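To start, the structure itself, in structure tokens.
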Amino acid sequence: MSIYTEISENLQKGKARAVKALVEQAAAEGLPAAEILSEGLLAGMNVIGEKFKKNEVYVPEVLVAARAMNMGVGVLKPQLAENGVKAVGKVCIGTVQGDLHDIGKNLVKMMMEGKGLEVIDLGTDVAPETFIETAIRENCDIICCSALLTTTMEVMAEVVKKAEEAGIRDRVRIMVGGAPVTDSFCEQIGADKYTSDAASAADAAVAFCTGA
Ligand code: B1M
């Protein structure tokens with residue numbers, strides 16, 4: 001069995017300590033962090049996602065798998081986010097109000113930090129007003145919203161509306177993402193950029209901040 005399969009299977013069983021140890025082993029063997037993430041951790045999470053959809057596993061199993069995922073991602077953080085880069089811009093990020101999914105948001109944060117952006121993490125269940133107040137107080141270049149539920153993605157439209165009302169729309173970009181979000185949804189609500197994955201989100205954010 002490959003180490004990636006072992007990581008995936010242990011993640012599906014929610015064995016956080018085993019996942020952490022296996023990820024550490026894979027990293028020590030010199031396997032690339034991005035590959036450990038996609039072939040091991042995300043592969044396992046995808047299986048859980050499919051089973052969750054078919055009611056073959058339930059919230060408690062998904063929660064322990066998510067905890068194992070976060071432990072594994074924690075090990076990879078230093079490699080995924082190479083340090084020592086000067087801050088190229090400031091971002092505030094959060095999962096929108098009503099939504100508690102934070103694994104994707106945490107990955108986006110990590111990739112952005114790796115690209116030299118300063119990131120303020122507002123956590124989950126973030127009200128539109130909190131995004132706006134933080135962007136103003138902290139002088140952020142970008143507001144990043146993540147949503148995993150079709151019912152919560154609408155909150156992103158509220159963030160755009162509140163940014164317009166606060167008069168900051170000309171100087172703060174709004175980026176959106178998460179599994180149910182699409183390019184056309186981004187356009188429809190008047191946000192600036194949709195990206196489908198964390199690495200592209202980080203690239204787009206750097207491009208906004210550097211004017212590239
Ligand atoms: Co939830 N859940 N969940 N869940 N959960 C989904 C999202 C779901 C698709 C499962 C399913 O039915 N197949 C479904 C949503 C259906 C829908 O709305 N259409 C669902 C549901 C229904 C629910 C509950 C309502 C279940 C219930 O209670 N009956 C409930 C809601 C709670 C709430 O939020 N209020 C719920 C709860 C949970 C748990 C708490 C158990 C747990 C979350 C734990 C946590 O995050 N700490 C959980 C999980 C883990 C999932 C699945 C299985 C996995 C999500 C995940 O972390 N994926 C998910 C099924 C699935 O997606 N296959 C599911 C891995 C992660 C890396 O991907 O977040 O998509 P993702 O991030 C990607 C990209 O989307 C992108 O970058 C990342 C990768 O590079 N990205 C951005 C994300 N944000 C971005 C922002 C950007 C740019 C890119 O710019 C700003």
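Values below: all heavy atoms of this structure, side chains included; hydrogens, waters and symmetry mates excluded. Both ligands and their constituent atoms are indexed starting at 1 by order of listing. Start at 1 with the first residue, then count along the sequence. The structure displayed is predicted, hence computed values, not measured ones.
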Q. With atoms numbered from 1 as shown, which atoms in ligand 1 lie under 4.0 angstrom from a non-hydrogen atom of Leu148?
A. 7 (C), 15 (C), 69 (O), 70 (O)
Q. Hey, are Lys193 and Asp183 close enough for a salt bridge, meaning a charged N less than 4.0 Å from a carboxylate O?
A. no
Q: Could you name the option among Thr195, Val47, Leu63 that has the heavy atom nearest to atom 39 (C) of ligand 1?
A: Leu63
**Q.** Element-labelled atoms of ligand 1 that are located less than 4.0 Å from some non-hydrogen atom of Ala66
**A.** 44 (C)
Q.
Glu165 vs Lys162, test: side-chain contact (heavy atoms from CB on, under 4.5 Å). Steps then yes/no.
A. CA-CA 5 Å; Glu165 286 168 7; Lys162 291 251 182 297; 4.3 Å; yes
Q: With heavy atoms of Asp99 as the reference, note each atom of ligand 1 found under 4.0 Å away.
A: 34 (O)
Q | Under 4.0 Å to a heavy atom of Leu107 - the qualifying atoms of ligand 1, by number | A | 67 (C)
Q: Using a strict cut-off of 4.0 Å, indicate which atoms of ligand 1 neighbour a heavy atom of Ala201.
A: 88 (C)
Q. To which protein heavy atom is atom 10 (C) of ligand 1 closest, and what is the distance rounded to 0.1 Å?
A. Phe52 CD2, 3.5 Å
Q) Only one of Ile142, Leu117, Ile120 clears side chain to side chain contact (heavy atoms under 4.5 Å, CB included) with Lys90; which? A) Ile120
Q: Pick, from Met45, His101, Met175, Gln97, the option with the minimum heavy-atom distance to atom 5 (N) of ligand 1.
A: His101
Q. What do we get for Leu42 next to ligand 1 when only non-hydrogen atoms under 4.0 Å count, side chain, backbone, both or neither?
A. side chain
Q: Take atom 59 (C) of ligand 1 and look for protein heavy atoms under 4.0 Å from it; say yes if you find one, no if not.
A: no
Q. Counting both backbone and side chain atoms, is some N or O of Ser146 under 3.5 Å from an N or O of ligand 1?
A. yes
Q) Relative to the heavy atoms of Val62, which atoms of ligand 1 are at a distance of less than 4.0 Å? A) 41 (C), 42 (C), 48 (C), 49 (C), 50 (C), 53 (C)
(Q) Just to be sure I'm reading this right: ignoring hydrogens, which of Ala202, Gly49, Pro60 gets closest to atom 53 (C) of ligand 1? Compare them by their nearest heavy atoms. (A) Gly49
Q.
Is there a polar contact, in the sense of an N or O pair closer than 3.5 Å, between Asp102 and ligand 1?
A. yes
Q. Ala179 heavy atoms, cut-off 4.0 Å: which ligand 1 atoms fall inside?
A. 70 (O), 75 (O)
Q | Heavy atom of protein inside 4.0 Å of atom 56 (C) of ligand 1, strictly below | A | no
Q) So, Asp203 versus Ser200: side-chain donor-acceptor pair below 3.5 Å or not? A) no
Q. Out of Ala205, Ala204, Ser196, whose heavy atom is nearest to atom 76 (C) of ligand 1?
A. Ser196
Q: Decide, yes or no, whether a salt bridge links Glu24 with Lys20 under the criterion of side-chain N to carboxylate O below 4.0 Å.
A: yes
Q | Heavy atom of the protein closest to atom 17 (C) of ligand 1 (residue, atom name, distance) | A | Thr150 OG1, 3.7 Å
(Q) Once you restrict to heavy atoms under 4.0 Å, what part of Val108 touches ligand 1? Side chain, backbone, both or neither. (A) side chain
Q: Determine, counting only non-hydrogen atoms of the protein, whether one lies under 4.0 angstrom from atom 43 (C) of ligand 1.
A: yes
Q | Nearest protein heavy atom with distance in Å, relative to atom 28 (O) of ligand 1 | A | Val59 CG2, 4.0 Å
(Q) Please check: side-chain N/O of Asp99 versus main-chain N/O of Leu149, any donor-acceptor pairing under 3.5 Å? (A) yes
Q: Check each heavy atom of Pro180 against ligand 1 and say whether those closer than 4.0 Å belong to the side chain, the backbone, both or neither.
A: neither
Q) Tell me, do Val96 and Met153 make a side-chain contact under 4.5 Å, heavy atoms counted? A) no
Q) Crowded around Arg169 CZ? As in, over 12 foreign heavy atoms under 6.0 Å? A) yes
**Q.** Location of contacts on Ala198 toward ligand 1, heavy atoms closer than 4.0 Å
**A.** both
Q | Polar side-chain atom of Thr5 near backbone of Met1 as donor-acceptor pair, under 3.5 Å | A | no
Q. Got an N/O contact under 3.5 Å between Leu100 and ligand 1?
A. yes
Q. Ile174 versus Phe131: any side-chain heavy-atom pair under 4.5 Å?
A. no
Q: Counting heavy atoms only, name the option from Leu149, Ile142, Asn106, Asn70 that's nearest to atom 25 (C) of ligand 1.
A: Leu149
Q. Can a protein heavy atom be found under 4.0 Å away from atom 49 (C) of ligand 1?
A. yes
Q) Do you see a protein non-hydrogen atom under 4.0 Å from atom 8 (C) of ligand 1? A) no
Q) Does a donor on one side chain and an acceptor on the other come within less than 3.5 Å for Tyr194 and Glu187? A) no
Q. Side chains of Asp121 and Asn106: closer than 4.5 Å at any heavy-atom pair?
A. yes
Q.
Under 4.0 Å from a heavy atom of Cys145: which atoms of ligand 1 are those, numbered in the order shown and with their elements?
A. 86 (C), 91 (C)
Q.
I need the nearest protein heavy-atom contact for atom 86 (C) of ligand 1: residue, atom name and distance, please.
A. Gly177 CA, 3.5 Å
Q. When you measure from the side chain of Glu138 to the backbone N and O of Ala135, does any donor-acceptor pair fall under 3.5 Å?
A. no
Q | Whether Asp192 side chain and Met175 backbone form a donor-acceptor pair below 3.5 Å | A | no
Q.
For a quick check under 3.5 Å, do Gln12 and Ser8 share a side-chain donor-acceptor pair by atom type?
A. yes
Q: Please check if Met45 and Met71 belong to a single hydrophobic cluster, counting links between Ile, Leu, Val, Met, Phe, Trp and Tyr side chain heavy atoms closer than 4.5 Å.
A: no
Q) With distance as the sole test, does Thr95 use its side chain to make a donor-acceptor pair with the main-chain N or O of His101 at under 3.5 Å? A) yes
Q. Within a distance of under 4.0 Å, is there any protein heavy atom near atom 74 (C) of ligand 1?
A. yes
(Q) Check this for me - ligand 1, Gly98, N or O atoms closer than 3.5 angstrom, yes or no? (A) yes
Q) Are any of the side-chain nitrogens in Asp141 or Arg171 under 4.0 Å away from the carboxylate oxygens of its partner? A) no
Q) What protein heavy atom sits nearest atom 78 (C) of ligand 1, and how far off is it? A) Gly104 CA, 4.0 Å
Q) Just how far is it from atom CD of Glu158 to atom SG of Cys145, taken to the nearest 0.5 Å? A) 11.5 Å
Q.
Judged on heavy-atom distance to atom 81 (N) of ligand 1, which of Ser200, Gly94, Gly178 sits nearest?
A. Gly178
